[in-house]
Student: 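Have a look at this one before I ask anything.
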Amino acid sequence: MTRLSVEMLAADAPEPITSAGHAQLGIAVLAGIAVIVLLITKFRLHAFLSLTLGTLVLGAVAGAPLDKAITSFTTGLGTTVAGVGVLIALGAILGKMLADSGGADQIVDTILAKAGGRSMPWAMVLIASVIGLPLFFEVGVVLLIPVVLMVAKRGNYSLMRIGIPALAGLSVMHGLVPPHPGPLVAIDAVQANLGVTLALGVLVAIPTVIVAGPLFSKVAARWVDVPAPDRMIPQRASEDLEKRPGFGATLATILLPVVLMLSKALVDIVIDDPDNTGQRVFDVVGSPLIALLASVLVGIFTLLRPAGFGKERLTPLIEKGLAPIAGILLIVGAGGGFKQTLIDSGVGQMILEISEDWSIPALLLAWLIAVAIRLATGSATVATVSAAGLVAPLAENMSTTHTALLVLAIGAGSLFFSHVNDAGFWLVKEYFGLDVGQTIKTWSIMETIISVFAGGLVLLLSLVI
């Protein structure tokens, strides 16, 4: 087999890859992903170490010198963390402020006070979608589980009728709507416009969450009819607080970064003049960093102060909010390193060259690659960052809207059929007191519905915009 040239890692305008080169690169990709899958699933190694070792295997099998592969990995890791690390940190701080101040509970209680009967599943979707905007999926689950269990218990509802809509709201936000880590990394990898991606993500998310949440919950409740487990109802954060922030102030704080980023996207479309002062102002205030930073700073006054948090509690709260994301940052960074090694070794160019001869649409190809990696590794984030690296070259000649749809196709694919190798699978199983079969019938099927329905919507949108 022909050894790939060292220059491929640094070529500005790479030569077309030969058939032998395609074969070697294809084997390298399969070997790298196989190592990652094996280490995560068989040996239970942390995803950061698995991605690191898988990247080295990829580089070695592709024929790149080890020092070049290491340089590609560290460059990709650094670039990815530089691009999204601060955003993930700010999102974690905002989520911690929202939880500890009782602001999340205030939103939940206010909406539930106005809902009842048949409207309760729809209320749960609304709650989860709003709460899920600034929170990581696992944090959102832990935050909402007490509400789901208490509503099901006190209202004598089927646990699945209440729980599935809440999980659907969180999962859709996690996979399709920035500033969650997966979409942010994909946006960075394919150079998509964040505002346009956010707008289209919300457009796809709304019908998706309706189908996978309230509508599917009717079926799930018939398949799995279980009561809410009493042992899993933990204490809510606000039960220890004498007062908590108001509903309006809390909601405004959560939605502030979304409004700012969408405003930037709208101004960019309407004005479309980089030298216009107004557009330049919105480019700054609507950037993800400034939007999230503004929300955190506003939250100090709208969330923490009304809850009675003094200055002395601010630093410890931020430290507690940042601590749990260390692993997420490393996984996301290592995924970026894996992506960069894929690109530098010529895998991206190979995908581009091969796909030119295929009749399969680029968006469907992105979805399928994300599905395959999701099924293999169990991690939506790993699936997103890996798939984004593989299909990034396909975005070079795409329009702004189609590049954003490429991100959403990857995000949709990354949610496909969560099963026993996914931490979220076990989180849902244990909190809801289900067995493995029941979890597959409910949670796993719900995730598949989200993936397929959202992926279908993305393809339909690509035909009209």
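Position 1 is the first residue of the sequence, and the numbers go up from there.
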Student: Using 0.5 Å steps for rounding, measure from the CG atom of D100 to the CG atom of D105.
Tutor: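 Atom-to-atom, D100:CG and D105:CG are 10.5 Å apart.
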
Student: Identify the heavy atoms of M97 and I300 that sit nearest to each other, and give their distance.
Tutor: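 Residues M97 and I300, closest heavy atoms: CE-N, 3.3 Å.
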
Student: Do I187 and N193 have side chains that approach each other closer than 4.5 Å (heavy atoms only, starting at C-beta)?
Tutor: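 When only atoms from C-beta onward are counted, N193 and I187 do not touch, as no gap falls below 4.5 Å.
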
Student: Enter the distance from I254:CD1 to L94:CG here, rounded to the nearest 0.5 Å.
Tutor: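 Taking CD1 in I254 and CG in L94, the distance rounds to 7.0 Å.
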
Student: Test your reading of the model: is there a side-chain donor-acceptor pair from S295 to the backbone of T253, 3.5 Å cut-off?
Tutor: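 Yes, S295 side chain to T253 backbone: donor-acceptor pair under 3.5 Å.
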
Student: Stepwise, does the side-chain contact (heavy atoms from CB on, under 4.5 Å) test hold for V130 with L251?
Tutor: CA-CA 8 Å; V130 172; L251 186 62; 3.6 Å; yes

Student: Any side-chain heavy-atom pair from R280 and P274 closer than 4.5 angstrom?
Tutor: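 Counting from C-beta outward, R280 and P274 never come under 4.5 Å.
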
Student: Under the side-chain contact (heavy atoms from CB on, under 4.5 Å) rule, what do L203 and L461 come out as? Steps first, then yes or no, please.
Tutor: CA-CA 10 Å; L203 183 63; L461 283 173; 4.1 Å; yes

Student: With side-chain contact (heavy atoms from CB on, under 4.5 Å) as the test, would you mind laying out the steps for L289 and L90 before giving the verdict?
Tutor: CA-CA 8 Å; L289 173 62; L90 290 172; 3.8 Å; yes

Student: Just so I know, are the side chains of F338 and T52 near enough to count as touching, which here means a heavy-atom distance under 4.5 Å?
Tutor: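 SC-SC contact between F338 and T52 ruled out.
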
Student: With a 4.0 Å cut-off on N to O distance, would you call K114 and D109 a salt bridge?
Tutor: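 Not counted as a salt bridge, because no side-chain N and carboxylate O are separated by less than 4.0 Å.
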
Student: Do I70 and L56 come within less than 4.5 Å of each other through their side chains, counting heavy atoms only?
Tutor: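 I70 reaches L56 side chain to side chain.
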
Student: Are the side chains of L260 and I290 in contact, using a 4.5 Å heavy-atom criterion?
Tutor: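 Answer no - side chains too far apart.
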
Student: Please tell me whether S418 and S444 have a donor and an acceptor in their side chains that are separated by less than 3.5 angstrom.
Tutor: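 No donor-acceptor contact under 3.5 Å links the two side chains.
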
Student: Side-chain donor-acceptor pairs under 3.5 Å in residues 303-316, sequence neighbours left out?
Tutor:
none

Student: Output all residues satisfying side-chain hydrogen bond (donor to acceptor under 3.5 Å, both in side chains) with T208, sequence neighbours left out; order by chain, then residue number.
Tutor: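 Counting only residues at least two positions away or on another chain, T208 forms no side-chain hydrogen bond (donor to acceptor under 3.5 Å, both in side chains).
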
Student: Looking at A115, is its backbone amide N or carbonyl O close enough to the side chain of S119 to form a donor-acceptor pair, meaning the two atoms are under 3.5 Å apart?
Tutor: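 No: the side chain of S119 does not pair with the backbone of A115.
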
Student: Identify every side-chain donor-acceptor pair in residues 400-410 under 3.5 Å, counting partners at least two apart or on other chains, and give the distances.
Tutor:
unit_1, atom_1, unit_2, atom_2, d
T401, OG1, S399, OG, 3.2
H402, NE2, S462, O, 3.2
H402, NE2, I465, O, 2.9
T403, OG1, S399, O, 2.8

Student: Would you find a donor on one side and an acceptor on the other, under 3.5 Å apart, between the side chain of S287 and the backbone of V284?
Tutor: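 Side chain of S287 to backbone of V284: a pair is present.
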
Student: Between R374 and F416, is there a donor-acceptor pair closer than 3.5 Å when you use the side chain of the first and the backbone of the second?
Tutor: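 Side chain of R374 to backbone of F416: a pair is present.
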
Student: Would you name the heavy atoms of S101 and R244 that are closest together and state the gap between them?
Tutor: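 What the structure gives for the nearest pair is O-CB, 3.5 Å.
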
Student: I'd like to check the side-chain contact (heavy atoms from CB on, under 4.5 Å) partners of L77; sequence neighbours left out, ordered by chain and number.
Tutor: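 L77 satisfies side-chain contact (heavy atoms from CB on, under 4.5 Å) with F48, F73, V81 once adjacent residues are dropped.
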
Student: Drop me the distance from K68's NZ to L66's CG, to the nearest 0.5 angstrom.
Tutor: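 Spacing of NZ (K68) from CG (L66) equals 12.0 Å.
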
Student: On a heavy-atom basis, which atom in S72 and which in D344 lie closest, and how many Å separate them?
Tutor: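 So the minimum-distance heavy-atom pair works out to OG-OD2, 2.8 Å.
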
Student: Do T302 and T250 have side chains that get closer than 4.5 Å, going by heavy atoms?
Tutor: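 Sidechains of T250 and T302: no contact.
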
Student: How about CG on N397, more than 12 heavy atoms from neighbouring residues, nucleotides or ligands closer than 6.0 Å, or not?
Tutor: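 Count not over threshold, so no.
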
Student: Give the minimum heavy-atom separation between V148 and G163, together with the two atoms involved.
Tutor: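 Closest approach of V148 to G163, heavy atoms only: CG1-CA, 3.6 Å.
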
Student: Between atom CG of L184 and atom CG of L194, what is the distance when rounded to the nearest 0.5 Å?
Tutor: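 Taking CG in L184 and CG in L194, the distance rounds to 6.0 Å.
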
Student: To check you understand the geometry: which heavy-atom pair defines the closest contact between P165 and S217, and what is its length?
Tutor: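 P165 and S217 have their closest heavy atoms at CD-CB, 3.8 Å.
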
Student: Looking at residues at least two apart in the chain, or sitting in another chain, which of them share a side-chain hydrogen bond (donor to acceptor under 3.5 Å, both in side chains) with S451?
Tutor: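 In terms of side-chain hydrogen bond (donor to acceptor under 3.5 Å, both in side chains), with neighbours along the sequence ignored, S451 is linked to W367.
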
Student: Just so I know, are the side chains of L167 and M446 near enough to count as touching, which here means a heavy-atom distance under 4.5 Å?
Tutor: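 Yes. Closest side-chain heavy atoms under 4.5 Å.
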
Student: For the atom pair CG (L170) and OG (S129), what is the distance rounded to the nearest 0.5 Å?
Tutor: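 The CG atom of L170 sits 7.5 Å away from the OG atom of S129.
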
Student: What I'd like to find out is whether the side chain of T79 reaches to under 4.5 Å of the side chain of Q340, using heavy atoms alone.
Tutor: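 In short, these two side chains do not touch, never coming nearer than 4.5 Å.
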
Student: Which heavy-atom pair separates A62 from L25 by the least distance, and what is that distance?
Tutor: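 So the minimum-distance heavy-atom pair works out to CB-CD2, 4.0 Å.
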
Student: Who pairs with D283 by salt bridge (charged side-chain N to carboxylate O under 4.0 Å, His left out), at least two apart in sequence or on another chain?
Tutor: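 D283 satisfies salt bridge (charged side-chain N to carboxylate O under 4.0 Å, His left out) with K264 only.
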
Student: Please lay out, stage by stage, how V190 and L394 fare under the test side-chain contact (heavy atoms from CB on, under 4.5 Å).
Tutor: CA-CA 8 Å; V190 305; L394 301 179; over 6 Å; no

Student: Would you give the length of the straight line joining atom CZ of F282 to atom OG1 of T277, rounded to the nearest 0.5 angstrom?
Tutor: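 Atom-to-atom, F282:CZ and T277:OG1 are 12.5 Å apart.
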
Student: Is there a donor in the side chain of S171 and an acceptor in the side chain of E447, or the other way round, less than 3.5 Å apart?
Tutor: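 A pair is found: one side chain offers a donor N or O, the other an acceptor, under 3.5 Å apart.
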
